[in-house]
Number of protein chains: 4
Amino acid sequence: MDAILEAGARILSESGWAGFNTNVVAKLAGVSIGSFYQYFPDKLALIDAIRDRHLQDCLMALRGLPMDAPRLEDFAAALVDALVSAHGRHPGLHRVLLDETPSGGHLDPASAFETEYIGIYARAIGIFAGRALDEKSRADAMVLSDAVDGVIHNAARRGQLSDGSIRAALILLVETFLSRLRLTDYKGASA
Amino acid sequence: MDAILEAGARILSESGWAGFNTNVVAKLAGVSIGSFYQYFPDKLALIDAIRDRHLQDCLMALRGLPMDAPRLEDFAAALVDALVSAHGRHPGLHRVLLDETPSGGHLDPASAFETEYIGIYARAIGIFAGRALDEKSRADAMVLSDAVDGVIHNAARRGQLSDGSIRAALILLVETFLSRLRLTDYKGASA
Amino acid sequence: MDAILEAGARILSESGWAGFNTNVVAKLAGVSIGSFYQYFPDKLALIDAIRDRHLQDCLMALRGLPMDAPRLEDFAAALVDALVSAHGRHPGLHRVLLDETPSGGHLDPASAFETEYIGIYARAIGIFAGRALDEKSRADAMVLSDAVDGVIHNAARRGQLSDGSIRAALILLVETFLSRLRLTDYKGASA
Amino acid sequence: MDAILEAGARILSESGWAGFNTNVVAKLAGVSIGSFYQYFPDKLALIDAIRDRHLQDCLMALRGLPMDAPRLEDFAAALVDALVSAHGRHPGLHRVLLDETPSGGHLDPASAFETEYIGIYARAIGIFAGRALDEKSRADAMVLSDAVDGVIHNAARRGQLSDGSIRAALILLVETFLSRLRLTDYKGASA
DNA sequence: GATGAATGAGTATTCATTCAT
DNA sequence: CATGAATGAATACTCATTCAT
């Protein structure tokens with residue numbers, strides 16, 4: 001039932017893991033607790049389903065990004081806006097899903113997703129910074145991705161998802177980082 | 001009891017909110033459940049205490065940063081290293097505390113902390129980017145802070161806190177952003 | 001669940017507040033502890049429910065009293081017998097409820113009840129002693145009510161609820177007091 | 001320690017059995033919990049001591065009553081006033097002690113006391129009603145005693161211990177009952 | 001003696017899950 | 001299929017009592 005997914009996402013987003021309980025989710029979804037278990041074998045299965053759906057939303061947003069033609073600054077703005085809008089429905093969801101909730105089945109729940117997620121950033125680095133898809137640029141992609149995520153999640157937490165100054169600064173951060181990578185042949189520091 | 005704080009931090013870091021339960025914390029701390037409640041009125045009070053302690057640690061790390069003399073790149077490296085080491089003891093703690101756990105008392109649990117936290121970044125922007133401490137640079141500080149946090153939290157989650165490539169990329173990100181701010185007189189977009 | 005109410009009343013009556021505990025009540029009622037909390041938000045809510053039910057029983061007994069026709073001595077006997085039978089099921093209950101148990105919600109748990117309770121005695125005084133319903137007769141009603149209650153509670157405590165001598169003496173007490181009021185125009189002493 | 005007795009009596013009177021807990025009593029008494037257990041083997045021993053002391057106070061009040069000379073109405077007034085003053089210090093105590101609290105040792109905790117207590121009433125009946133000390137008058141004594149107690153306990157509960165109308169009505173009740181006994185050769189009803 | 005930190009059995013309460021209807 | 005009352009293991013928290021200092 002889609003209502004259950006939606007209710008679960010909302011509770012998770014608003015009350016976090018601590019407030020997430022099957023009876024409450026079922027009630028908010030307007031179905032009986034029995035129906036809940038008709039569709040989901042257990043609580044964690046719902047978490048997994050919510051995660052999958054949300055991560056698909058995020059990927060969808062990134063996949064639609066204009067990689068081919070545009071100027072770097074247009075790409076940066078498009079990236080930020082896409083992610084902001086992907087977090088609009090349930091601002092708190094992403095961080096709870098990635099950071100907190102245990103997973104039902106998969107060893108690494110975010111793994112498949114993360115691979116593609118990082119991959120998109122890596123491709124952007126390839127295109128806008130003219131770098132090969134080596135280990136180094138994968139680390140760069142991860143850092144950029146995590147930085148953008150961090151800003152968006154915290155903006156969501158503070159209710160500043162639509163704040164113009166934040167958006168501008170984040171776009172600047174992305175743009176600057178990518179353009180700098182083009183120039184740099186930095187030497188990875190030692191661990 | 002400090003042992004309780006330490007045990008609580010460890011469990012929170014390793015098992016998240018879902019695995020955090022007073023009996024387990026007491027057992028890991030090596031005290032009886034009765035002693036737990038001698039020192040903390042309830043479960044949330046321990047969370048608050050852990051949060052306070054951890055945030056103090058983070059602030060301490062930032063306060064010790066060399067703001068006066070050094071070159072921007074030295075500052076960036078010092079910043080990243082300080083935060084990495086502040087997260088060394090309980091890598092998962094910060095994100096659980098900020099992102100997931102409910103708060104007992106304070107209206108905004110991270111508020112006082114966050115004000116100083118952002119303030120330090122704002123000061124760095126003032127020094128290294130030559131910007132006044134206006135609203136705009138406060139947004140910049142917030143974005144930079146959240147970006148750095150995001151990278152570090154995710155690195156902690158993946159066990160990559162001591163990964164050299166990540167460190168190098170993050171330092172580059174900080175350095176680039178700060179040096180770009182110096183050049184830019186950007187117009188904050190409207191919300 | 002009515003079984004829970006009944007079990008609670010029985011335990012309260014037999015073991016007092018000290019022996020009253022949700023798990024035991026649930027077990028005696030033949031339901032799981034979970035079901036207990038399905039019907040009562042907490043322990044005190046059950047107390048309140050038991051109190052309400054018991055006080056209703058008492059009121060019911062008094063409401064049915066023959067006020068119109070009969071001779072004073074018939075009324076006194078009917079009053080005593082009604083109250084004795086209202087205390088028959090759970091002899092210790094009333095005193096525990098009034099004297100010992102804390103209340104969940106209402107400011108004065110017995111208040112609404114007490115008002116009607118005293119009111120019935122006041123009406124009897126009006127009828128059988130020919131007195132107006134002023135402050136003075138309200139005090140008389142209170143005293144008579146408390147005296148009768150005291151005798152019945154203590155008889156219940158000693159297992160003498162059906163003792164004939166006690167019954168006769170109590171009836172005499174009521175009858176004597178009411179008939180004396182008819183004759184007296186006493187001056188209430190100063191506080 | 002007398003302070004412990006006093007503190008225990010106060011808590012019992014004000015909060016009932018539900019609020020009576022050794023740590024709180026010790027704190028109110030200004031001694032450590034350790035000292036508490038120096039003087040009392042356990043919680044119930046304190047209850048017993050409090051009960052003994054209180055019942056002694058009540059007996060003392062009754063023993064001082066003027067049985068020999070005075071008119072019935074003077075005796076009734078003296079009786080009421082003595083009991084009122086015996087309940088002045090801890091108005092709620094008596095009912096909690098008699099009605100609710102379990103006892104440590106004695107089979108019937110109030111027994112020895114009650115025997116003398118009732119005995120005094122029986123003697124008064126003998127004197128003022130000219131009745132022999134048979135079973136019948138023992139029942140009368142019990143009823144009168146319980147009636148008076150009931151009025152005083154409930155007055156204490158409502159904070160009306162010094163209310164003049166209550167006092168007058170209670171005195172009237174006692175006086176009327178005793179004088180009626182003198183006239184009556186009633187036949188005890190069947191059990 | 002006096003102290004009060006520590007103990008842990010006991011009690012209140014929650015919530016994932018089942019199953020008879 | 002849908003329902004929601006019932007279940008009980010798990011968890012939060014209390015308080016009588018001990019004992020090392």
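Chain identifiers are assigned alphabetically (A, B, ...) following the order of the sequence lines, protein sequences preceding nucleic acid strands; residue numbering begins at 1 within each chain. Just so you know, these numbers use all the heavy atoms, side chains as well, and skip hydrogens, waters and symmetry mates.
Contact annotation for Met1(B): backbone-only contact, meaning every heavy-atom pair under 4.0 Å involves sugar-phosphate atoms and none involves a base. Among the atoms of the strands shown, only primed sugar atoms or phosphate atoms (P, OP1, OP2) are found under 4.0 Å from some heavy atom of Phe20(A). Residue contacts for Tyr39(C): at a heavy-atom cut-off of 4.0 Å it reaches the sugar-phosphate backbone alone, with no base atom in range. Heavy atoms of Phe40(B) sit nowhere under 4.0 angstrom from any nucleic acid atom.
When both distances must be under 3.5 Å, the Watson-Crick or G-U wobble mate of dC15(E) is dG8(F).
Relative ring orientation between Phe20(A) and Trp17(A) is described as parallel, the plane-to-plane angle staying below 30° on a 0-90° scale split at 30° and 60°. In this structure, His87(B) and His153(B) have tilted ring planes: the angle between them lies in the 30° to 60° band.
Applying the 4.0 Å criterion to OP1 and OP2 of dT14(E), one finds that Asn21(A) has every side-chain N and O outside that range. Proximity of Asn23(C) to the phosphate of dG10(E): no side-chain N or O atom is located under 4.0 Å from OP1 or OP2. Remark: Thr22(A) is not in phosphate contact with dC15(E), judged by side-chain N or O atoms under 4.0 Å from OP1 or OP2. Side-chain nitrogen and oxygen atoms of Tyr37(C) include at least one within less than 4.0 Å of the OP1 or OP2 phosphate oxygen of dT13(E).
At a threshold of 4.0 Å, the pair Glu6(D)-Arg10(D) does not count as salt-bridged, since none of the basic side-chain nitrogens sits closer than that to a carboxylate oxygen. Between Glu14(A) and Arg89(A) no salt bridge is recorded (no basic side-chain N to carboxylate O distance below 4.0 Å).
The separation between Asp42(A) atom CG and dC15(E) atom P is 17 Å, rounded to whole Å. If you take CG of Leu44(C) and C1' of dT11(E), they are 13 Å apart, rounded to a whole angstrom. Between the CD1 atom of Ile33(C) and the P atom of dT14(E) there is a distance of 10 Å, rounded to whole Å.
A 4.0 Å heavy-atom criterion places the boundary nucleotides of DNA chain F facing chain C at dA5(F) to dA9(F), written 5' to 3'.
A side-chain N or O of Asp149(A) and one of Tyr117(A) form a donor-acceptor pair less than 3.5 Å apart.
A donor-acceptor distance shorter than 3.5 angstrom exists from the side chain of Ser32(A) to the backbone of Ser35(A), with no hydrogens or angles considered.
Heavy-atom distances to DNA chain F give each of Gln38(C) and Val24(B) a nearest nucleotide, and the one nearer the 5′ end belongs to Gln38(C). Between Gly30(D) and Val31(B), the residue whose closest nucleotide on DNA chain E is further toward the 5' end is Gly30(D).
Close placement of the His94(C) and His54(C) rings is indicated, their centers lying within 6.0 Å of each other.
Listed nucleotides: dT3(E), dT13(E), dA16(E). Nearest to the side chain of Lys43(C): dT13(E).
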